[in-house]
Amino acid sequence: MTSTNNGSQVGGYRNEVDQQKLGPALVITAGLILGMRTIRWEATHSDGLAGEEWEKEVEHSARVAKRMLSFLTTRYPDLFHSKRVPWYVATDEDSPP
């Protein structure tokens, strides 16, 4: 093994899905799922807190949206914004004796 300079050296870059930019997509997806699941509900108006059934639907829609985006980012990462993440070459200090 040859000695490397002090500090880390970039060996190259890999493209990864930019998880920080998925927030708006998650909100929109959850809203669409919630709308599709509740479209046939009777329209009501209440000044009080949301009902338990509504809260369960919101939680379920967010869970389904998260699973769907997770599946898509794993199988089809090219559909989403990506960022270049460096990978580093190990130095003598990183290798065990």
Side-chain angles (χ1 to χ4, degrees):
M1 176 162 86
T2 60
S3 179
T4 57
N5 297 337
N6 287 342
S8 300
Q9 292 182 340
V10 175
Y13 294 90
R14 67 180 181 274
N15 287 331
E16 289 185 359
V17 173
D18 192 355
Q19 298 290 332
Q20 292 179 340
K21 293 191 177 185
L22 289 180
L26 180 62
V27 171
I28 292 168
T29 306
L32 288 172
I33 293 169
L34 180 64
M36 287 187 288
R37 290 181 56 87
T38 60
I39 196 164
R40 293 183 186 234
W41 284 16
E42 200 171 309
T44 59
H45 182 291
S46 173
D47 293 331
L49 296 175
E52 281 185 43
E53 190 174 353
W54 174 254
E55 290 177 13
K56 287 180 184 178
E57 285 297 326
V58 170
E59 287 180 21
H60 180 72
S61 298
R63 193 170 33 253
V64 169
K66 185 177 177 183
R67 289 181 63 195
M68 186 178 77
L69 283 176
S70 176
F71 173 82
L72 290 174
T73 56
T74 303
R75 297 276 176 98
Y76 307 103
D78 295 338
L79 293 174
F80 301 93
H81 291 285
S82 62
K83 61 181 177 181
R84 292 180 63 195
V85 179
W87 58 271
Y88 297 94
V89 176
T91 63
D92 290 340
E93 294 152 1
D94 297 332
S95 301

By salt bridge (Lys or Arg N to Asp or Glu O under 4.0 Å), which residues pair with E59, not counting sequence neighbours?
-> none

Listed pairs under 3.5 Å, donor-acceptor, residues 61-71 side chains, sequence neighbours left out:
unit_1	atom_1	unit_2	atom_2	d
S61	OG	L34	N	3.4
S61	OG	E57	O	2.9

List, by chain and number, the other hydrophobic cluster members for I39, where Ile, Leu, Val, Met, Phe, Trp and Tyr join if side-chain heavy atoms come within less than 4.5 Å, directly or indirectly.
-> none

Can you tell me which residue pairs pass the side chain to side chain donor-acceptor pair (under 3.5 Å) test with a partner in residues 73-87, sequence neighbours excluded?
-> none

Check salt bridge (Lys or Arg N to Asp or Glu O under 4.0 Å) between R14 and all other residues, then give those that pass, not counting sequence neighbours.
-> E16

Please report the closest heavy-atom contact between V89 and G11, naming both atoms and the distance.
-> CG2-CA, 3.6 Å

Partners of P86 by side chain to side chain contact (heavy atoms under 4.5 Å, CB included), sequence neighbours excluded?
-> V10, Y13, Y88

